[in-house]
K.L.:
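This structure is in structure tokens; I'll ask about it shortly.
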Amino acid sequence: MKISAAVVAAAFSLAFSFILVNFTGQCDAALQQGFYKGKCNSQDVEAIVASVVKRRFNDKPRVAAGLIRLFFHDCFVNGCDASILLDGDSSEKTAPPNLSVSGYDVIDEAKGLLEEACAGVVSCADIIAIAARDALQLSGGGRYEVQTGRRDGSVSLASNVDLPSPRFSVSQSADAFAKKGIGLTDMVLLLGGHTIGFTNCSLFRDRLYNFDNTGKPDPTMDPLLVMKLRLICPRNSPADRTPVSLDQNLASTFIVDNSFYKQIRLGRGILQIDQALALDPLTNNTVASLANGNDFLARFGQAMVKLGAVDVLTDSQGEIRESCHLKNKPRSTLLFG
């Protein structure tokens with residue numbers, strides 16, 4: 001596999017940072033750049049998706065984090081097959097880690113426009129991948145070329161959802177990523193998507209009050225941050241209504257950059273796994289390199305391309321759904337090539 005990166009343009013302002021990076025490469029022989037060229041009645045598939053994502057982003061910048069998270073949660077379960085979008089009483093949507101996933105409406109809107117342009121041509125799985133790239137670009141990250149040609153899966157079960165826990169150690173997280181063919185460095189890069197991520201108190205409250213049942217806060221967290229977060233997340237509050245930014249450089253909350261890595265090196269990681277990345281010997285050198293270097297955007301784009309090639313359905317496998325949230329079909333109706 002060969003991947004090259006070139007910075008095409010960079011412009012920074014106090015409120016917004018935009019860096020355009022082009023990536024080329026091949027991660028899966030069955031996927032290709034420009035798969036839909038000439039297949040959608042002269043319409044530009046990626047431009048149609050981009051128009052929807054841009055309008056939604058301009059209205060609510062937090063949609064970017066939701067779309068990148070949607071992409072990750074889809075690809076990590078059964079591969080990048082849009083199975084997370086399917087409705088059903090026991091579908092992936094209903095699994096606890098997915099209850100807070102957002103961005104479904106963005107994908108549905110893009111799918112509706114594409115069905116009008118060329119019915120039965122563009123998969124929901126490819127729309128998710130394209131939308132995640134566009135969200136990243138709008139947030140100041142790199143523009144990489146999305147490989148397309150995925151088809152949609154028909155099986156979506158909550159019981160299949162086995163995502164890495166935010167309370168995992170680095171070794172546990174590395175094992176989970178390795179099962180998907182993703183190495184340690186790419187794991188660190190993909191977790192860097194937390195640069196524009198948000199979470200709620202329930203996922204880190206133990207670090208503020210009773211870490212590892214010690215009755216004390218996590219000693220690896222900056223004490224000033226502990227004090228700040230306790231005001232947002234009271235010990236016994238049942239509500240988690242206030243989103244907490246995973247990048248505690250609040251000037252960078254909606255910008256994809258390497259600030260996340262700088263913050264976790266200062267003991268300002270919110271999730272346990274994020275903080276562990278900066279401390280564990282397996283990953284601390286990679287974190288330091290990303291925090292001090294200027295190549296995070298290029299490398300993050302490359303890692304997203306790799307993630308997008310995990311266990312994809314192509315050719316005669318899967319299907320092209322008419323609706324992205326179409327009810328599950330029986331397993332026996334799946335096509336295999």
Side-chain angles (χ1 to χ4, degrees), residues 1-10 18-54 64 67-68 70-72 74-75 79-82 106-107 110-111 113-115 117-118 120-153 180-183 186 189-190 193 256 295-321 324 337:
M1 178 184 66
K2 295 182 179 179
I3 298 178
S4 62
V7 176
V8 176
F18 180 86
I19 299 179
L20 184 64
V21 183
N22 277 334
F23 303 99
T24 61
Q26 191 74 13
C27 275
D28 187 284
L31 299 178
Q32 58 183 280
Q33 295 173 20
F35 176 83
Y36 293 108
K37 186 175 182 180
K39 297 179 180 178
C40 191
N41 299 324
S42 76
Q43 297 293 307
D44 186 332
V45 167
E46 293 190 23
I48 290 173
V49 176
S51 67
V52 175
V53 175
K54 183 176 181 180
L67 289 169
I68 293 172
L70 176 65
F71 178 59
F72 180 86
D74 181 48
C75 291
C80 308
D81 66 349
V106 180
I107 306 303
K111 175 64 170 176
L113 292 175
L114 288 166
E115 285 297 298
C118 48
V121 172
V122 184
S123 70
C124 301
D126 277 341
I127 296 172
I128 294 175
I130 296 167
R133 185 275 309 277
D134 294 338
L136 176 68
Q137 179 184 345
L138 288 166
S139 301
R143 178 182 175 83
Y144 53 90
E145 295 301 323
V146 174
Q147 295 176 324
T148 45
R150 299 168 188 80
R151 289 170 67 85
D152 300 324
K180 305 300 176 182
I182 297 174
D186 286 320
L189 287 163
L190 289 170
V256 173
D295 60 351
F296 166 64
L297 296 180
R299 295 175 70 185
F300 184 59
Q302 293 168 8
M304 289 285 280
V305 171
K306 292 179 184 178
L307 177 63
V310 170
D311 296 334
V312 294
L313 301 173
T314 57
D315 301 321
S316 60
Q317 297 173 317
E319 62 185 7
I320 304 297
R321 293 188 211 135
C324 286

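The figures here come from the full heavy-atom set of this structure, side chains too, leaving out hydrogens, waters and symmetry mates. Note that the structure is a prediction, hence the values are computed from the model and not measured.
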K.L.:
Looking at every non-hydrogen atom in both residues, tell me the closest pair between Ala110 and Val52 and how far apart they are.
P.N.:
CA-CG2, 4.1 Å

K.L.:
Can you name the nearest heavy-atom pair linking Val121 to Tyr36, along with the distance?
P.N.:
O-CE2, 3.4 Å

K.L.:
Once rounded to the nearest 0.5 Å, what's the spacing between atom CD1 of Ile127 and atom CD1 of Ile48?
P.N.:
9.5 Å

K.L.:
When rounded to the nearest 0.5 angstrom, what distance separates CG in Asp134 from NZ in Lys54?
P.N.:
10.5 Å

K.L.:
Is Arg150 reaching over with its side chain to a backbone N or O of Ala82, donor-acceptor style, under 3.5 angstrom?
P.N.:
no

K.L.:
Does Arg151 reach the main-chain N or O of Gln317 with its side chain, forming a donor-acceptor pair under 3.5 Å?
P.N.:
yes

K.L.:
From Ile320 CD1 over to Leu114 CG, what is the distance, rounded to the nearest 0.5 angstrom?
P.N.:
11.0 Å

K.L.:
What distance separates Lys180 NZ from Asp311 CG, expressed to the nearest 0.5 Å?
P.N.:
6.0 Å

K.L.:
At their closest point, which heavy atom of Glu145 faces which heavy atom of Val305, and how far apart are they?
P.N.:
O-CG2, 4.1 Å

K.L.:
Consider side chain to side chain contact (heavy atoms under 4.5 Å, CB included). Of Leu190, Ile182, Asp186, which one does Lys306 pass it with?
P.N.:
Asp186

K.L.:
State which residues pass side-chain hydrogen bond (donor to acceptor under 3.5 Å, both in side chains) with Arg321; sequence neighbours excluded, sorted by chain then number.
P.N.:
none

K.L.:
Tell me the closest heavy-atom pair linking Ala132 and Phe71, and the distance in Å.
P.N.:
CB-CB, 3.7 Å

K.L.:
Provide the closest heavy-atom pair for Asn41 versus Ala117 in the form atom of the first, atom of the second, distance.
P.N.:
ND2-O, 2.9 Å

K.L.:
From Ser123 OG over to Leu313 CG, what is the distance, rounded to the nearest 0.5 angstrom?
P.N.:
9.5 Å

K.L.:
When you measure from the side chain of Asp152 to the backbone of Cys124, do you find a donor-acceptor pair of N or O atoms at a distance under 3.5 Å?
P.N.:
yes

K.L.:
Just to verify, what does Phe296 make a ring pair (Phe, Tyr, Trp, His ring centres under 6.0 Å) with, not counting sequence neighbours?
P.N.:
Tyr261, Phe300

K.L.:
Please report the C-alpha distance between Leu136 and Tyr144 in whole Å, then the side-chain angles of each, then the deciding distance to 0.1 Å, and finally whether the side chain to side chain contact (heavy atoms under 4.5 Å, CB included) criterion is met.
P.N.:
CA-CA 9 Å; Leu136 176 68; Tyr144 53 90; 3.4 Å; yes

K.L.:
Taking the side chain as C-beta and beyond, is there a heavy-atom pair between Gln302 and Leu189 under 4.5 Å?
P.N.:
no

K.L.:
Looking at Gln32 and Thr148, would you say the former's side chain and the latter's main chain have a donor-acceptor pair under 3.5 Å?
P.N.:
no

K.L.:
Has Lys37 got more than 12 heavy atoms of other residues, nucleotides or ligands less than 6.0 Å from its NZ?
P.N.:
no

K.L.:
Got Ile107 and Leu67 here, is their nearest side-chain heavy-atom distance under 4.5 Å?
P.N.:
yes

K.L.:
Treating Lys111 as the side-chain partner and Val122 as the backbone partner, does any N or O pair qualify as donor plus acceptor under 3.5 Å?
P.N.:
yes

K.L.:
What's the shortest heavy-atom distance between Val256 and Leu297, and which atoms?
P.N.:
O-CD2, 3.5 Å

